[in-house]
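For reference, the structure is listed below as C-alpha cells.
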Amino acid sequence: MISDIIAIIRDYWLLLLIGQYPNGPLGGLAATLLLSILAIAFAFPVSIALALARLSKSPFLNWPVTALVYFTRGVPLLMLILWGYFLVPLATGANVPSFLTMLVTLVVYQGAFLSEVVRGGIVALGHGQMEASRALGHSYLGAMRYVILPQALYNVIPSIISVFVATIKDTTLGYVINVPDLTFAASQINNQLLTQPFQVFFILAAVYYVICWSLSRVAIVTERRITRPRRIRP
C-alpha cells in the first residue's frame with residue numbers, strides 16, 4: 001500500500017497541488033489555501049462589524065444582527081452553500097462561479113462564528129477599559145478603535161487561528177458545487193485510477209491533517225505566549 005501511495009504522489013502531485021492550472025482554473029491545494037485565506041480575510045472585518053452591532057444598545061442594530069448570527073450559526077454550512085448556489089442564479093439570473101459562491105458563503109458563515117469570538121474578547125476586558133478611555137476624551141468609536149479592539153483581538157488570536165483551521169476543513173464542502181479544490185482534485189485522481197480509493201483519500205486526509213495540525217500547534221503556542229504571566233521587573 002505504501003508503494004501505491006508513493007506512486008500516486010509521484011504521478012499526480014501537480015494535480016493535487018494546482019489542479020488543471022494553467023489549462024484550467026487554479027485548483028488543488030493552492031485553491032483550498034487561497035479560498036481559506038480570502039474567506040478569513042473578508043470574514044474578519046465582517047465579524048468586527050457584527051460584534052460591535054451585537055454590543056450596541058440600539059435595538060435596530062442589536063436585534064437584527066443577533067438574529068442573523070444565531071440563524072447562520074444554527075444552519076448547516078452545506079445548506080447555505082446549496083442555497084447560494086441555486087437560489088442566487090434563480091433570483092438574479094446571473095451565473096455565479098462556484099468559487100465565488102463558496103467564498104461568499106464562507107465569509108458569511110465564518111463571519112458569524114468569528115463575531116462571537118471578537119465579542120467575547122471585548123466583553124472579557126470589562127467596562128473599566130471603556131470608562132477610562134471615555135474619561136480621557138475618546139469617543140465610543142475612538143475608544144473601540146484605539147483601546148478596546150487592539151487588546152481584545154490580541155487576546156483572541158488563538159481562537160481566530162482555530163476558526164481558520166475550521167475554514168480549511170469547511171472548504172471540502174465546495175466539492176458538492178464543483179469548486180476545484182484539493183478534495184475535487186483527489187476525486188479526479190480516484191476516477192482515473194478506480195481501484196485505489198483508499199490510497200487516494202488517505203493522501204487527502206494526510207494533507208489536511210498536516211495543515212490543520214500545524215496551525216493548531218501555532219494556536220497553542222500563541223495562546224501560551226498570550227496567557228504567560230507578565231514578569232514584574234524590579
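Count residues from 1 along the sequence.
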Of all heavy-atom pairs between [X] and [Y], which one has the smallest distance, and what is that distance?
X: Y208; Y: I168; value: CE2-O, 3.8 Å
X: Q199; Y: I8; value: CB-CD1, 3.7 Å
X: A112; Y: R73; value: O-CD, 4.1 Å
X: A31; Y: P180; value: CB-O, 3.6 Å

Is there a side-chain contact between [X] and [Y], using heavy atoms and a 4.5 Å cut-off?
X: V104; Y: F42; answer: no
X: I122; Y: V118; answer: yes
X: T171; Y: L106; answer: yes

Look at the side chain of S187 and the backbone N and O of F184, then say whether any donor-acceptor pair between them is shorter than 3.5 Å.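 Judged by distance alone, no pair lies under 3.5 Å.
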
Tell me whether N190 contacts the main-chain N or O of A186 through its side chain, where contact means a donor paired with an acceptor under 3.5 Å.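 No; judged by distance alone, with no hydrogens or angles, the pair does not exist.
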
I would like to know whether T101 and V179 meet side chain to side chain contact (heavy atoms under 4.5 Å, CB included); could you show each step before the answer? CA-CA 9 Å; T101 300; V179 176; over 6 Å; no

Among the clusters formed by ILVMFWY side chains lying less than 4.5 Å apart, do [X] and [Y] turn up in the same one?
X: I9; Y: L17; result: yes
X: F71; Y: L61; result: no
X: L33; Y: L103; result: yes
X: I189; Y: I6; result: no
X: V65; Y: Y70; result: no

First locate atom [atom1] of [X], then atom [atom2] of [Y], and finally report the distance between them rounded to the nearest 0.5 Å.
X: L173; Y: T183; atom1: CG; atom2: OG1; result: 8.5 Å
X: I40; Y: L114; atom1: CD1; atom2: CG; result: 6.0 Å
X: S115; Y: L68; atom1: OG; atom2: CG; result: 8.5 Å
X: R10; Y: S3; atom1: CZ; atom2: OG; result: 9.5 Å

[atom1] ([X]) with more than 12 external heavy atoms under 6.0 Å:
X: F202; atom1: CZ; answer: no
X: N95; atom1: CG; answer: no
X: I2; atom1: CD1; answer: no

Only counting residues at least two apart or in another chain, list the ones meeting side-chain hydrogen bond (donor to acceptor under 3.5 Å, both in side chains) with Q151.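 Q129.
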
Using atom types as modelled, flag every donor-acceptor pair under 3.5 Å from a side chain in residues 213-222 to any protein atom, sequence neighbours excluded.
{"unit_1": "S214", "atom_1": "OG", "unit_2": "V210", "atom_2": "O", "d": "2.7"}
{"unit_1": "S216", "atom_1": "OG", "unit_2": "C212", "atom_2": "O", "d": "2.8"}
{"unit_1": "T222", "atom_1": "OG1", "unit_2": "V218", "atom_2": "O", "d": "2.7"}

Which of these passes side-chain contact (heavy atoms from CB on, under 4.5 Å) with L16: I203, L29, L204?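 Exactly one pass, corresponding to I203.
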
Quick one, D170 with Q110, criterion side chain to side chain contact (heavy atoms under 4.5 Å, CB included). Give me CA distance, side-chain angles, the key distance, then yes/no. CA-CA 10 Å; D170 287 340; Q110 300 299 351; 2.7 Å; yes

For L34, the side-chain contact (heavy atoms from CB on, under 4.5 Å) test, sequence neighbours excluded, returns L26, L38, F99

Under the rule for ring-ring contact (aromatic ring centres under 6.0 Å, His included), what residues qualify as partners of F113, not counting sequence neighbours?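 ring-ring contact (aromatic ring centres under 6.0 Å, His included) check on F113 returns Y109.
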
For residues 47-59, dump all side-chain donor-acceptor pairs below 3.5 Å to protein atoms at least two apart in sequence or in another chain.
{"unit_1": "S47", "atom_1": "OG", "unit_2": "A43", "atom_2": "O", "d": "3.4"}
{"unit_1": "S47", "atom_1": "OG", "unit_2": "F44", "atom_2": "O", "d": "2.6"}
{"unit_1": "R54", "atom_1": "NE", "unit_2": "E116", "atom_2": "OE2", "d": "3.2"}
{"unit_1": "R54", "atom_1": "NH1", "unit_2": "T66", "atom_2": "OG1", "d": "3.1"}
{"unit_1": "R54", "atom_1": "NH2", "unit_2": "E116", "atom_2": "OE1", "d": "3.1"}
{"unit_1": "R54", "atom_1": "NH2", "unit_2": "E116", "atom_2": "OE2", "d": "3.2"}
{"unit_1": "S56", "atom_1": "OG", "unit_2": "S58", "atom_2": "N", "d": "3.1"}
{"unit_1": "S58", "atom_1": "OG", "unit_2": "F60", "atom_2": "N", "d": "3.4"}

What donor-acceptor contacts under 3.5 angstrom involve side-chain atoms of residues 74-87, with partners at least two apart or in another chain?
none

